[in-house]
Each structure stands twice: as C-alpha cells, then as structure tokens.
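I have placed the structure first, in the form of structure tokens, so that the comments after it can refer back to it.
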Amino acid sequence: MDSCTLDEGTSAGNTVFTCSTSSSSEVPFQKKVEKLELTTTSMAESGQSDVILVSEFKQLKLEKEAQKNWDLFYKRNSTNFFKDRHWTTREFEELKACREFENQRLVMLEAGCGVGNCLFPLLEEDPHLFVYACDFSPRAVQFVKQNSSYNPDTCKAFQCDLTTDSLTDSVPEDSVDVATLIFVLSAIHPDKMHLAIENIYKVLKPGGCVLFRDYGLNDHAMLRFKVGNKLGEHFYVRQDGTRSYFFTTEYLQLLFTKGGYREVCNEYVLRETVNKKEGLCVPRVFVQSKFYKPL
Ligand SMILES: C[S@@+](CC[C@H](N)C(=O)[O-])C[C@H]1O[C@@H](n2cnc3c(N)ncnc32)[C@H](O)[C@@H]1O
C-alpha cells in the first residue's frame, strides 16, 4: 500500500493520489512550515472559482442533507475508500509516552471515525487503549461494529452528529485523554465548527488534547474545484454533495482558542504526490495541529 494515500481525506469520486516515493525512508517527502507562501499560479487558480457561489437554496439543501450525503458515500464505497492512517499511529507514539504508569489505559475519542481507518491500527498497536468512536453516518458506524477487530471491551462505536448531539450522552465528562479530528472538521459547515469543538471539550480531561489533521488552504484538492463548486470562502462542494473546507492555521487557532483550548502546535504539512494515472505531480497542503484543554 502506498503511504501517501493515507493522508488524503477524500477525493469523492475523483482521482486518488499516490505518493512520489522520494527516498527509501518510510515517510515520503514532506515539509512542515508555519506560514504558507502562495505562488502566483495557485493564487490565480484559486481566483477562478471565486466568481460564482452556489445558490443559497442549494446551500441550505446541502446542509440539510449533509448526513444523508455521507451515508450515501459509505453506501457507494463501503470500507474501500480511505486507507489506514498511519500518521496517527506515529503521532500517538508521542502521546503514549505521557502515561503516568506502565499499562495505564489511555482513553481516546475518534470524532468522525468513518469506517475506522484510524482507530483499528491504533487498537492493534496498543492493547491498553479504550476508544470511543463516533460518526453521524449510521452506515459508517455499522461498518466499524462489523469489523472483525471490533471488540466492545476496547471500543465503543456510536452515532453522533458532533454539531447537535451531546457527546456526554455516550462519553463521561472529563474522561478522554486524546481526541482525534482527522479530515472531519473540513466536512462541517464553518458556522457550526465551533459546536463540534465545544462538544469535544466537555468530554476531554483537563490536560487532554485534540490531534487535528485536515486540508490546508490551496491544497491541490481545492485548486482543482471548478467554477460552480464554491460555497463560500475556502469552502467547496464535491460532485457527491459532500463538502470540504480548506484551513489556514490562523483560522484554526482562533476556533480552538475561542473554544477554551491552548495551542501546542499548529502548522502546515507540505507534500508532493503523484497521480500515476495522469502522470502529474501535485502539491498537497495539510494542516496538522495539537490543542489541549487547560488544567
Ligand atoms: C473525510 S471523512 C474522514 C473519516 C475518518 N476520520 C478517516 O480519517 O478516515 C469525514 C467523516 O466525517 C463525518 N462527519 C461529517 N460531519 C459530521 C458531523 N457533523 N458529526 C459527526 N461526523 C461527521 C463523515 O460522516 C465522515 O465519516
């Protein structure tokens, strides 16, 4: 399996990118930066789709049908779309080191777990982990529960809309050591993102943190949207009705700090990926961050 597809959130019905294997190292070419340098090409390209926004009527319909559209996505793709995400296992290594005593059971929340591409690799690696996993797509949650590695002793999967259902209905308050938001916030309307962040805050332990990874501004996935797919600033709709926001680190910092969190790190991850079918090498931009709930 090619490692770069692990970091692609979704390309919903479009091209899937694979990685330019630049060296023999396990982690393909990537660079972490605090600020984005916008090339004239990327500014011009992003300018193209600035002209026309999707009508308000269609925007309201997309918001109303967000859950249905993700559920249909999983009906079409079942568990075959996303690859297992080893980025989280790498990052999680670091967090495991904060255990106060050996074999301490860390409690994790995977918010917007999809079909479990992040949670199952983590559970396989660490037997002393308990994972709450939720998604608003009933089909995705069903796939998680049907996975042969699903074990109610180590995992509790449940359906939850992070913007309307309180996580405390299924997860005790102040009980989670680490929450992950992996390519999930981008799928939520910008006006409602704060609700998801506040919801997670309630179940995090003081000192607990959120691991975040998602699309960054001017990522190739954003630049290839055509006129007619733009919903608002940095916000686009795919052909299948699922939506995607493209983050700046500043925007994310504001969201989390307003929600009461403190920043640990918040940066862009730049990669180059190759679309083997089209023979194209394209720049990918992701935002990777950690925020914690103060003690
Ligand atoms: C791009 S997928 C990422 C899935 C998973 N985190 C992964 O990395 O494979 C985005 C996920 O967010 C979920 N999602 C979108 N909006 C949500 C919401 N308001 N509440 C809960 N889940 C949501 C979708 O159903 C979908 O499974």
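Each ligand, and each atom within it, is numbered from 1 in the order the structure gives. Computed from a predicted structure; not experimentally measured. Side-chain atoms are counted along with the backbone in the values below, which use heavy atoms only and exclude waters and symmetry mates.
For the atom pair OG1 (T248) and CG (L254), the distance works out to 9.0 Å, reported to the nearest 0.5 Å.
In terms of polar-atom proximity, D161 is counted as a contact of ligand 1, with an N or O under 3.5 Å from an N or O of the ligand. Checked by distance only, ligand 1 and L162 come closer than 3.5 Å through their nitrogen or oxygen atoms. Between D135 and ligand 1, at least one N/O pair is under 3.5 Å apart. Taking only nitrogen or oxygen atoms, main chain and side chain alike, I182 reaches within less than 3.5 Å of ligand 1.
Judged by distance alone, the side chain of Y261 and the main-chain N or O of Y201 form a donor-acceptor pair under 3.5 Å. With hydrogens and angles ignored, the 3.5 Å screen pairs no side-chain donor or acceptor of K32 with any backbone N or O of V269. Y74 contributes no side-chain N or O that, together with a main-chain N or O of Q142, makes up a donor-acceptor pair within less than 3.5 Å.
The ring-ring contact (aromatic ring centres under 6.0 Å, His included) check on Y251 picks up Y245, with sequence neighbours excluded. For F235, the ring-ring contact (aromatic ring centres under 6.0 Å, His included) partners at least two apart in sequence or on another chain are H189.
At a 4.0 Å heavy-atom cut-off, ligand 1 touches Y74 through the side chain alone. At a heavy-atom distance under 4.0 Å, only side-chain atoms of I188, from C-beta outward, approach ligand 1. No part of C134 comes within 4.0 Å of ligand 1, judged by heavy-atom distances.
Remark: of the listed residues F247, F183, F286, F247 is the sole one forming a ring-ring contact (aromatic ring centres under 6.0 Å, His included) with F212.
Judged purely by distance below 3.5 Å, without hydrogens or angles, the side chains of D161 and T163 pair a donor atom with an acceptor atom. For the 3.5 Å distance criterion, the side chains of T249 and N266 fail to qualify, holding no donor opposite an acceptor.
For K192, the heavy-atom gap to ligand 1 stays at 4.0 angstrom or more. The closest approach between a heavy atom of C113 and any atom of ligand 1 is below 4.0 Å. For the ligand labelled ligand 1, residue A111 lies outside the 4.0 Å heavy-atom shell.
Looking at F136, F143, Y215, it is F136 that brings a heavy atom closest to atom 17 (C) of ligand 1. Considering only non-hydrogen atoms, atom 21 (C) of ligand 1 lies nearest to C160 out of A66, A133, C160, G114.
Each of the atoms 6 (N) of ligand 1 lies under 4.0 Å from some heavy atom of E110. Against a heavy-atom cut-off of under 4.0 Å, V184 is close to the following atoms of ligand 1: 6 (N), 12 (O).
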